[in-house]
Number of protein chains: 2
Amino acid sequence: MENKFSISDLASEFQVTTRTIRFYEEKGLLTPVRRGSVRLYGPRERVKLKLILRGRRLGFSLDESRDIIEMYDPESENVKQLQSLLEKIHEKQGQLEAQKKEVNSMLKDLKIAEKNCLDAISHPG
Amino acid sequence: MENKFSISDLASEFQVTTRTIRFYEEKGLLTPVRRGSVRLYGPRERVKLKLILRGRRLGFSLDESRDIIEMYDPESENVKQLQSLLEKIHEKQGQLEAQKKEVNSMLKDLKIAEKNCLDAISHPG
DNA sequence: ATTGACGTTGACGTTAACGTAAAGCAAGCG
DNA sequence: CGCTTGCTTTACGTTAACGTCAACGTCAAT
């Protein structure tokens, strides 16, 4: 069975528990296929999980990750919907640019802290 | 009273509730001075709050923000401690660089999503 | 002197994002 | 055949980060 993953395949690949993956399904973020009662994950679901976890590392809520997934994988072909989706995309892009700036600010501040620390070590008293 | 802020000064400046600020104090992240029973915040405490909130926007936990504050505002002059602090600083710098990369990845993906969206709008069917 | 804005300390409530434990099915292996 | 391993559902528990009262003090202004 190429191309299909079990729940524990994904769990060990991404270092999360199976509980977490099922939880994301409960919340409607993942929709694996079933063979009997057993979940099977295709590449599409794998990508979704990847997106959720990347979002998690960036401090996103599951609802935000849900939005991100929708941007990747639009449910509608309706032009109206696609345009509002486009707006959401632009908004998210703005947020991410802002986040980058905050990361950079913190990096700057850490450089200062590093310098202060080095000074205090080499130049005690 | 230049240089000193009330709790609601800070609350309105940073758009958080006073409850939030007191909560950070409960957790040991802020240590305002008291005039009687009333809290007074100097510039140092103001900076700490700023750091906490920036951390929050980046998805940091309060414990992580506590670390960040410690990096800015070391409690010890002990060289041993300063060196371990320095290691923490470097570790955090690494994490932030990683986070920047993730933000960039997501921005790239959003560009693709944007393009797909635009194509689907202008070029329907 | 009372009102109203602002402050205080508890104490309990809430939400998100899972963890954990119970109980059971299904397949493969010795 | 029984055992182990991996999967399932159901359900209750947990933690962080606050929100939301309640009950009270205090100071300036009307």
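What you see is a predicted model, and the numbers here were worked out from it, not measured in a lab. Excluded from the calculations below are hydrogen atoms, water molecules and symmetry mates; all remaining heavy atoms, backbone and side chain alike, are included.
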Enquirer: For a quick check of understanding: with a heavy-atom distance under 4.0 Å over all strands, which category does A:Tyr24 fall into, base, sugar-phosphate or nothing?
Expert: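 Sugar-phosphate contact only.
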Enquirer: Whole angstrom is fine here: how far is it from CD1 in A:Ile21 over to P in C:dC18?
Expert: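 Rounded to the whole Å, the gap is 11 Å.
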Enquirer: Between the base of C:dT20 and the side chain of A:Arg19, is there a donor-acceptor distance below 3.5 Å?
Expert: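 Per atom types, the contact qualifies.
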Enquirer: A:Thr18 near the nucleic acid: base, sugar-phosphate alone, or nothing, with a heavy-atom cut-off under 4.0 Å?
Expert: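 It contacts nothing in the nucleic acid.
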Enquirer: Ion pair present between B:Glu70 and B:Lys88, side-chain N to carboxylate O less than 4.0 angstrom?
Expert: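 Salt bridge flag = no for B:Lys88 with B:Glu70.
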Enquirer: Among the candidates C:dG7, C:dC18, C:dT8, find the nucleotide nearest to the side-chain atoms of A:Thr20.
Expert: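 Taking heavy atoms from C-beta onward, the closest nucleotide is C:dC18.
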Enquirer: Between P on D:dA17 and NZ on B:Lys27, what's the gap in Å once rounded to a whole number?
Expert: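 Taking NZ of B:Lys27 and P of D:dA17, I get 8 Å after rounding.
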Enquirer: What nucleotide among C:dG7, D:dC7, C:dT8 has an atom nearest to a side-chain atom of B:Ser8?
Expert: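 Nearest to the side-chain atoms of B:Ser8, counting from C-beta on, is C:dG7.
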Enquirer: Please report the distance, rounded to the nearest Å, between CG in A:Leu30 and P in C:dC18.
Expert: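 Rounded to whole Å, this separation is 12 Å.
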Enquirer: By nearest heavy atom, map B:Arg56 and A:Ile7 onto DNA chain D; which one lands nearer the 5' end?
Expert: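 Between the two, 5'-proximity favours A:Ile7.
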Enquirer: Report the nucleotide, chosen from D:dA17, C:dA17, D:dT8, that has the shortest atom-to-atom distance to any side-chain atom of B:Phe23.
Expert: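 The answer is D:dA17.
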Enquirer: Is it the case that A:Gln95 and A:Lys92 place a side-chain donor and acceptor less than 3.5 Å from each other?
Expert: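 Per modelled atom types, A:Gln95 and A:Lys92 side chains form a pair under 3.5 Å.
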Enquirer: Taking CG from B:Leu40 and C1' from C:dC6, how many angstroms apart are they, rounded to a whole number?
Expert: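 My rounded result for the distance is 13 Å.
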Enquirer: With a 4.0 Å cutoff (strictly under), does any side-chain N or O of B:Ser6 reach OP1 or OP2 of C:dG7?
Expert: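 So the side-chain polar atoms of B:Ser6 do come within 4.0 Å of the phosphate oxygens OP1 or OP2 of C:dG7, strictly under.
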Enquirer: Find the distance B:Leu29:CG to D:dA16:C1' and express it as a whole number of Å.
Expert: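 So the two atoms are 12 Å apart, to the nearest Å.
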Enquirer: Using only atom types and a distance under 3.5 Å, with no angle test, would you say the side chain of A:Ser8 pairs donor to acceptor with the backbone of A:Ala11?
Expert: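 Side chain of A:Ser8 to backbone of A:Ala11: no pair is present.
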Enquirer: Please report, rounded to the nearest Å, how far the P atom of D:dC18 is from the CG atom of B:Leu49.
Expert: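 About 11 Å, once rounded to whole Å.
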Enquirer: Under 4.0 angstrom, heavy atoms only, what part of the nucleic acid is A:Thr17 near: base, sugar-phosphate, or nothing?
Expert: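 Sugar-phosphate contact only - A:Thr17 comes under 4.0 Å of backbone atoms but never of a base.
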Enquirer: Atom CZ of A:Arg66 to atom C1' of C:dA17: distance rounded to whole Å?
Expert: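 Atom CZ in A:Arg66 sits about 13 Å away from atom C1' in C:dA17.
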Enquirer: Tell me the interatomic distance from A:Lys4, atom NZ, to D:dC7, atom C1', rounded to whole angstroms.
Expert: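 My rounded result for the distance is 17 Å.
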Enquirer: Identify the heavy atoms of A:Cys117 and B:Leu86 that sit nearest to each other, and give their distance.
Expert: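 Nearest pair, atom of A:Cys117 first, then B:Leu86: CB-CD1, 3.9 Å.
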Enquirer: Is it true that A:Glu26 and A:Arg19 make a salt bridge, defined as a side-chain N closer than 4.0 Å to a carboxylate O?
Expert: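 A salt bridge is present here (some side-chain N lies under 4.0 Å from a carboxylate O).
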